[in-house]
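Presented below is the structure to which this report refers.
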Amino acid sequence: MTGPNATSTSSPAAKMGRHRSKSTSGSTYCMSSPGAESASLSTPNNAGRSSGEEEEKDGGVLFYVNRTGFPIDGVTWERMWTHVAKVHPDGQDISKIRNAAYLPKHPVPSVPNFKPTMSVPDWLLAIQNYMKTLQYNHTGTQFFEIRKTRPLCGLMETAREMIRESLPIKCLEAVILGIYLTNGLTSVERFPISFKTQFSGNHFHHVVLGVYCNGRYGTLGMSRRQDLMDKALTFRTLSDLVLEFEDSYRRYQHTLKKVKIGLYVPHDPHVFQPIEWKYLVLNAARLGREDMRKELEKHGRDMRMKILKSSSAQSPIKERSRGKSLSPRRRQSSPQRRHIHRRDKSPAALDRKPAELSTLTDGYQIRI
């Protein structure tokens with residue numbers, strides 16, 4: 001491997017120099033842009049594109065994805081430098097970096113450590129500052145392949161690889177890294193928020209990680225634009241948060257077309273289930289601002305109620321003593337405690353419909 005930095009604050013392309021591989025094996029790519037918020041790159045020439053490549057356009061901009069992992073193989077390596085030389089304003093100087101006899105070693109940022117004295121907003125800020133230290137990836141090659149259908153445990157392994165390599169990341173990679181770094185904060189719920197916008201006849205896609213804690217919403221993420229990435233944990237409703245992003249897009253003459261809201265991501269990094277990326281899909285152009293606000297507020301309430309139900313489902317079992325049943329008055333005042341105790345044999349319990357027996361999950365059965 002060779003080091004690429006002319007200075008310690010060089011461009012993302014230069015930071016890649018130390019990750020060069022001596023391998024010359026072939027690779028398979030797709031071209032994608034999972035979060036191009038602005039048309040800052042022009043469409044590269046597709047001549048000489050290998051037959052193994054699949055092409056996707058986001059706002060007319062093509063992006064390559066490193067599918068072969070690390071160390072980067074020779075084909076992917078050359079493809080990246082060729083693309084940067086074409087689209088970067090200082091592309092003619094790329095050869096000076098590649099042919100330099102000596103380049104300083106790029107500093108690797110330290111992963112933030114959570115301290116018990118830190119508040120949740122402070123910890124989220126530390127995570128966001130860490131991702132900013134990695135920098136946004138402007139090379140046109142996404143270094144880490146993120147398959148949305150992959151189980152969460154596999155994506156967490158990719159997040160660990162991001163930390164090991166310490167390379168610039170894009171918005172989709174930042175979402176996975178943000179999930180990994182907040183797994184220990186069980187009081188913080190995380191969910192993906194995806195945007196589709198239109199500018200100058202082209203469509204652009206972006207994704208951030210929504211966070212919810214103590215009745216407030218915010219986001220973590222990466223973007224070319226400062227106001228399209230992280231948002232402080234200050235928004236009272238989900239609609240306020242999303243509409244803030246819409247206002248930010250308007251400042252860049254982007255029209256919001258669609259918003260996709262996912263479900264809460266489990267805190268267990270070992271679960272073998274994929275992330276739900278688009279549980280709610282809203283057509284912003286068709287709904288209008290007020291109707292979209294209503295839908296977002298309803299979805300936010302539904303997500304909060306799911307937390308309440310899941311956290312209180314076991315509480316009646318813990319609090320009730322054996323052989324006792326709930327009084328009718330208590331059932332009316334506490335809807336979340338309406339489930340029958342699995343050992344309750346009172347007449348009121350036996351009159352319940354059999355369908356409600358599906359709430360019993362500990363393996364016991366009521367024998368009548």
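All values derive from a computational prediction rather than experimental measurement.
Considering CG of Leu134 and CG of Leu167, their distance stands at 8.5 Å, rounded to 0.5 Å. Here CD of Glu290 is found 12.5 Å from CD of Glu295. Values are rounded to the nearest 0.5 Å. Put simply, CG on Asp230 and CE on Met131 are 7.5 Å apart, with the number rounded to the nearest 0.5 Å. Here the CD atom belonging to Gln198 is positioned 13.0 Å from the OH atom belonging to Tyr249, to the nearest 0.5 angstrom. In this structure, the separation between CD1 on Ile169 and CD on Gln142 is 10.0 Å, given to the nearest 0.5 Å. To the nearest 0.5 Å, atom CD of residue Glu276 and atom CD1 of residue Ile261 are 11.5 Å apart.
Counting only N and O atoms by type, the side chains of Ser239 and Glu297 include a donor and acceptor under 3.5 Å apart. The closest side-chain donor-acceptor pair between Tyr252 and Asp227 falls under 3.5 angstrom.
Screening residues 133-162 for salt bridge (Lys or Arg N to Asp or Glu O under 4.0 Å) gives Arg67-Glu145, Glu145-Arg147, Glu157-Arg160, Glu157-Arg164 as the qualifying pairs, with residues at least two apart or on separate chains. Here side-chain hydrogen bond (donor to acceptor under 3.5 Å, both in side chains) pairs that include residues 277-286, with residues two or more places apart or in two chains, number zero. Sorted by first and then second residue, the salt bridge (Lys or Arg N to Asp or Glu O under 4.0 Å) pairs with a member in residues 252-265 form an empty list; sequence neighbours excluded.
Under the 3.5 Å distance criterion, the side-chain polar atoms of Thr139 are matched with a main-chain donor or acceptor of Thr141. Proximity of a side-chain donor or acceptor of Arg216 to a complementary backbone N or O of Leu233 within less than 3.5 Å is not detected. Between the Asn66 side chain and the Phe143 main chain, a donor and an acceptor come within less than 3.5 Å of each other. Formation of a donor-acceptor pair under 3.5 Å by the Gln253 side chain with backbone atoms of Phe199 is not found in this model. Without hydrogens or angle criteria, Glu173 side chain to Lys170 main chain gives a donor-acceptor distance under 3.5 Å. Within the 3.5 Å criterion, the main-chain N or O of Leu209 finds no donor-acceptor partner in the side chain of Thr219. Formation of a donor-acceptor pair under 3.5 Å by the Thr76 side chain with backbone atoms of Ile72 is not found in this model.
Looking at every heavy atom in both residues, Cys153 comes nearest to Phe272 through SG-CD1, 3.7 Å. The shortest non-hydrogen separation linking Met292 to Ala284 is SD-CB, 3.8 Å. Taking every heavy atom of both residues into account, Ser248 and Lys231 meet most closely at OG-NZ, 3.4 Å. When all heavy atoms of Cys213 and Ser187 are compared, the closest pair comes out as SG-O, 3.6 Å. Minimum interatomic distance between Asn137 and Gly140 (heavy atoms only, all atoms of both residues): OD1-N, 4.3 Å. What you find for Ala174 and Met222 is that their closest heavy atoms are CB-CG, 3.6 Å.
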Handout entry: From CA spacing to verdict: side chain to side chain contact (heavy atoms under 4.5 Å, CB included), Arg224, Tyr136
Key = CA-CA 7 Å; Arg224 295 183 180 91; Tyr136 187 86; 3.6 Å; yes
Practice task
Under the side chain to side chain contact (heavy atoms under 4.5 Å, CB included) rule, what do Leu296 and Leu282 come out as? Steps first, then yes or no, please.
Solution key: CA-CA 9 Å; Leu296 288 170; Leu282 299 177; 3.6 Å; yes
Problem - Steps toward side chain to side chain contact (heavy atoms under 4.5 Å, CB included) verdict (Met156, Ile176) - result: CA-CA 7 Å; Met156 293 301 94; Ile176 303 304; 4.0 Å; yes
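The side chain to side chain contact (heavy atoms under 4.5 Å, CB included) search around Val271 returns Leu152, Pro266, Asp268, Gln273, not counting sequence neighbours. Under the ring pair (Phe, Tyr, Trp, His ring centres under 6.0 Å) criterion, Tyr180 pairs with no residue at all, not counting sequence neighbours. Residues passing the ring pair (Phe, Tyr, Trp, His ring centres under 6.0 Å) test with Phe245, sequence neighbours excluded: Phe195. Judged as a side-chain hydrogen bond (donor to acceptor under 3.5 Å, both in side chains), and not counting sequence neighbours, the contacts of Lys298 are Asp302. Considering only residues two or more places apart in sequence or on other chains, Gln226 meets the side chain to side chain contact (heavy atoms under 4.5 Å, CB included) condition with Lys132, Met229. Considering only residues two or more places apart in sequence or on other chains, Ser119 meets the side-chain hydrogen bond (donor to acceptor under 3.5 Å, both in side chains) condition with Asp122. Residues satisfying the ring pair (Phe, Tyr, Trp, His ring centres under 6.0 Å) test with Trp123, not counting sequence neighbours, are Phe114. Residues satisfying the side chain to side chain contact (heavy atoms under 4.5 Å, CB included) criterion with Ser110, sequence neighbours excluded, are absent altogether. Listed by chain and residue number, Asp240 satisfy the side-chain hydrogen bond (donor to acceptor under 3.5 Å, both in side chains) test with Arg293 (two or more places apart in sequence, or in another chain).
The closest side-chain heavy-atom distance from Met303 to Glu189 is not below 4.5 Å. Within the 4.5 Å cutoff, side-chain heavy atoms of Phe191 are placed close to those of Ile193. Using a 4.5 Å heavy-atom cutoff, the side chains of Arg251 and Arg225 are not in contact. The side-chain heavy atoms of Ile94 and Val84, taken from C-beta on, include a pair separated by under 4.5 Å. No side-chain heavy atom of Val242 sits under 4.5 Å from any side-chain heavy atom of Phe235. Under the 4.5 Å side-chain criterion, counting only non-hydrogen atoms from C-beta, Asn183 is in contact with Ile179. Put simply, the side chain of Leu256 does not reach to within 4.5 Å of the side chain of Lys196, judged on heavy atoms. Counting heavy atoms from C-beta outward, Arg190 and Tyr264 have side chains that stay 4.5 Å or more apart.
Using a cut-off of 4.0 Å between Lys/Arg side-chain N and Asp/Glu carboxylate O, Asp247 and Arg289 are scored as salt-bridged. Ion pair Arg250/Glu246 flagged as a salt bridge, since at least one NZ, NE, NH1 or NH2 atom sits closer than 4.0 Å to an Asp/Glu carboxylate oxygen.
Checked options Leu177, Val120, Ile127, Val265; the residue passing with Thr182 is Ile127 (criterion: side chain to side chain contact (heavy atoms under 4.5 Å, CB included)).
Not less than 6.0 angstrom separates the ring centroid of Phe204 from the ring centroid of His206. The aromatic ring centres of Phe144 and Phe70 sit less than 6.0 Å apart.
Taken together through direct or relayed side-chain contacts under 4.5 Å among Ile, Leu, Val, Met, Phe, Trp and Tyr, Leu280 and Leu263 form parts of separate hydrophobic clusters. Cluster annotation: Met118 is not connected to Leu125 through the hydrophobic network of ILVMFWY side chains, with a link wherever side-chain heavy atoms come within less than 4.5 Å. Tracing side-chain contacts under 4.5 Å through hydrophobic residues (I, L, V, M, F, W, Y), one never reaches Val281 starting from Val207; they form parts of separate clusters.
A cation-pi arrangement is absent between Arg236 and Tyr217, since the terminal nitrogen or guanidinium carbon is not both under 6.0 Å from the aromatic centre and inside a 45° cone about the axis.
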